[in-house]
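Atoms within a ligand are numbered from 1 in the order they appear, just like the ligands themselves. Remember, it's a predicted structure, so these values are computed and weren't measured experimentally. The first residue in the sequence is number 1, and the count goes up from there.
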Amino acid sequence: MRDTTKHQGLRNQLATVLQAKGITDEKVLMAVRKIPRHLFMDSSFEAHAYQDKAFPIAAEQTISQPYTVAFQTETLEVLPGDKVLEIGTGSGYQTAVLLEMNAEVYSIERQHELFKKTSLFLPKLGYKPKKLIFGDGYKGLADEAPFDKIIVTAGAPFVPKMLLGQLKIGGRMLIPVGKSTQIMTLFIRKSAKEFEKHELGNFRFVPMLEKKN
Ligand code: SAH
């Protein structure tokens with residue numbers, strides 16, 4: 001697959017749609033205009049790549065809806081140089097958006113097929129995360145903690161304590177919490193023991209699973 005001026009036009013339209021839905025962060029909109037989302041998907045979905053919808057990728061997983069990716073990125077308030085932990089690498093699209101924010105990205109994926117595919121794919125587009133890890137996101141990444149920001153891109157049945165513990169003081173963690181639908185929940189770490197919690201509306205994600213296949 002190639003990236004053409006037609007794709008560029010569709011990306012510009014998608015950014016306009018996201019703006020109409022309330023996304024205001026210009027850096028996030030720039031990332032949407034820049035990243036060739038169709039290349040992150042199976043070629044049979046190419047015609048739909050710039051609709052504001054989630055689509056199947058491999059291993060029964062999905063590439064998140066562009067609005068969701070934009071909303072999560074904007075809400076995290078990613079600053080250049082931030083150390084960001086992502087749970088659920090999936091297609092790598094959200095990873096690419098975080099890299100466009102000039103973050104240092106660590107991302108964990110539990111499906112080996114996706115981990116392998118995305119590890120090979122991202123560098124081809126020039127995207128270089130600090131680390132892509134095949135493992136269990138519930139455990140986070142103790143060796144690299146603490147993180148400025150943590151973003152969970154699968155629906156978590158509960159808030160994993162280990163992830164909260166890996167957040168810097170002043171850091172933000174965004175996680176969709178719930179079983180069939182999820183409430184997007186923002187935690188801001190105020191001190192070693194205190195977290196501020198904000199609930200930011202309903203979303204629908206594939207589940208964050210506990211054991212590896
Ligand atoms: N950010 C991705 C979203 C993919 S969907 C994208 O934009 O493409 C969620 C991903 O989370 C899936 O790839 C799924 O395999 C992964 N996932 C589910 N449970 C996980 C866990 N415990 N640890 C790490 N990844 C997990």
Participant: Listing by chain and number, which residues have a heavy atom under 4.0 Å from ligand 1?
Facilitator: Q61, T62, I63, S64, E86, I87, G88, T89, G90, S91, Q94, I108, E109, R110, Q111, L114, G135, D136, G137, Y138, T153, A154, V206, P207, M208, L209

Participant: Between H48 and F55, how do the two ring planes meet: parallel, tilted or perpendicular, split at 30° and 60°?
Facilitator: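 Ring orientation, 0 to 90° scale: parallel.
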
Participant: Taking E196 for the side chain and I188 for the main chain, is one N or O donor matched with an acceptor at less than 3.5 Å?
Facilitator: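 The answer is no, because no donor-acceptor pair under 3.5 Å joins these two groups.
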
Participant: Please answer whether the main-chain N or O of V152 pairs with a side-chain N or O of Q72 as donor and acceptor at a distance below 3.5 Å.
Facilitator: yes

Participant: Between H7 and Y50, is any side-chain donor less than 3.5 angstrom from a side-chain acceptor?
Facilitator: no

Participant: Do the ring centers of F121 and F40 come within less than 6.0 Å of each other?
Facilitator: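 Yes, the ring of F121 comes within the 6.0 Å limit of the ring of F40, centre to centre.
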
Participant: Show which side-chain atoms of residues 14-21 pair as donor or acceptor with protein atoms under 3.5 Å away, not counting sequence neighbours.
Facilitator:
{"residue": "T16", "atom": "OG1", "partner": "N12", "partner atom": "O", "Å": "3.0"}
{"residue": "K21", "atom": "NZ", "partner": "D52", "partner atom": "OD2", "Å": "2.6"}

